[in-house]
2 protein chains.
Amino acid sequence: MSTWVTQLRKGLMEFCILNLLQHGESYGYEILQSLQQIEELVVTDSTVYPILSRLRKDGYLKVQVKPSSSGPPRRYFSLTALGRQRVEEMNLYWTNLQVGIDKLKRGNPGDEK
Amino acid sequence: MSTWVTQLRKGLMEFCILNLLQHGESYGYEILQSLQQIEELVVTDSTVYPILSRLRKDGYLKVQVKPSSSGPPRRYFSLTALGRQRVEEMNLYWTNLQVGIDKLKRGNPGDEK
DNA sequence: CTCCACTACTACGCAAAGCAGTATACTGGT
DNA sequence: ACCAGTATACTGCTTTGCGTAGTAGTGGAG
């Protein structure tokens, strides 16, 4: 994958995963599949699991283990209150960022006219 | 600045600078000021200059030195053909990415309805 | 029994942003 | 002439997250 995409993803993956979990709990493998459905976001499990661990350690996610009928027990992650708050902050930043970049693309904001 | 923003910026700064240069040549100091006008993008020169060097080394930018009446000579950067091509690729990816993330936010694409 | 899909995890390397420091040219005040 | 301040450019070193590759255990199909 091109370097710029690799770099752009930093932070983005976390953002995506948190947004995904807004729809309810899920486990690593499933999250992985969901992300893979979006071409621009394809990742491997070795990218996803560390993020989940980190988010949990930082108190944004909580885990609940449930047995699976087709493999090892699943670890279901869901947002904590802190996590929900964080997603909102991130979404706000993301929105503003898009506005900012749009400005930048169509000419300098309040510069020459 | 929060970690996630720091991380999110990776790759993004390059993207922004290239987009800025689509409006014509500019030099480091000026580019810096332009970026600073957008709150979500504030950077320091030590972030901008390495990117400019890199982009030049990779053939996306070309440089032309011109004397300044109020300081050391300015190094004007402008897009090469390769650079213009790259901006377009990036913009395409960026657009698709936004679509993808939007999908992800409003529920899984083609999943349950 | 063996292979494969499901599920989870870890170690190491790389690349980019951020902080802090260096360097040079010009301008204005004393 | 000197010094301060601003315009302009650059370079370590650190931090952090993604990517690659490898490990490991369960359950079902052949």
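Lettering follows sequence order; numbering is per chain, from 1.
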First of A:Gly71 and A:Glu14 reached from the 5' end of DNA chain D, by closest nucleotide: A:Glu14

Most 5' of A:Ser69 and A:Thr6 on DNA chain D, judged by nearest nucleotide: A:Thr6

[X] [atom1] - [N] [atom2] separation (whole Å):
X: A:Leu32; N: D:dC18; atom1: CG; atom2: C1'; value: 14 Å
X: A:Lys57; N: D:dG17; atom1: NZ; atom2: C1'; value: 13 Å
X: B:Leu12; N: D:dG17; atom1: CG; atom2: P; value: 16 Å
X: A:Leu8; N: D:dC18; atom1: CG; atom2: P; value: 11 Å
X: A:Tyr27; N: D:dG25; atom1: OH; atom2: C1'; value: 16 Å
X: A:Tyr49; N: D:dG22; atom1: OH; atom2: C1'; value: 15 Å
X: A:Glu40; N: D:dC18; atom1: CD; atom2: P; value: 17 Å
X: A:Gln7; N: D:dG17; atom1: CD; atom2: P; value: 13 Å

Minimum side-chain heavy-atom gap A:Leu35-A:Val42 below 4.5 Å: no

Is [X] salt-bridged to [Y], going by a charged N under 4.0 Å from an acidic O?
X: A:Glu14; Y: A:Arg86; result: yes
X: A:Glu25; Y: A:Arg74; result: no
X: A:Arg106; Y: A:Asp102; result: yes

Find the distance between CG (B:Leu8) and OH (A:Tyr93) and round it off to the nearest 0.5 Å.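 Those atoms lie 6.0 Å apart.
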
Look at all strands and tell whether [X] reaches a base, only sugar-phosphate, or nothing, counting heavy atoms closer than 4.0 Å.
X: A:Thr44; value: base
X: B:Pro50; value: base
X: B:Ser46; value: base

Checking side-chain polar atoms at under 3.5 Å, does A:Gln37 have a donor or acceptor matched by the opposite partner on A:Gln33?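 A:Gln33 and A:Gln37 do not have a side-chain donor-acceptor pair below 3.5 Å.
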
Is A:Arg74 near enough to D:dG25 that one of its side-chain N or O atoms lies under 4.0 angstrom from OP1 or OP2?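 Checking D:dG25 against A:Arg74, no side-chain N or O comes under 4.0 Å of OP1 or OP2.
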
Could you list where the contact with chain B starts and ends along DNA chain C, reading 5' to 3', using a 4.0 Å heavy-atom cut-off? C:dA16 to C:dT27

5'-most contact on DNA chain C: A:Trp4 or A:Phe77, nearest heavy atom basis? A:Phe77

Position toward the 5' end of DNA chain C (nearest nucleotide), B:Ser68 or A:Ser70: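 The residue whose closest nucleotide sits nearer the 5' end is A:Ser70.
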
Who passes ring-ring contact (aromatic ring centres under 6.0 Å, His included) against B:Tyr49, sequence neighbours left out?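 Here no residue qualifies.
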
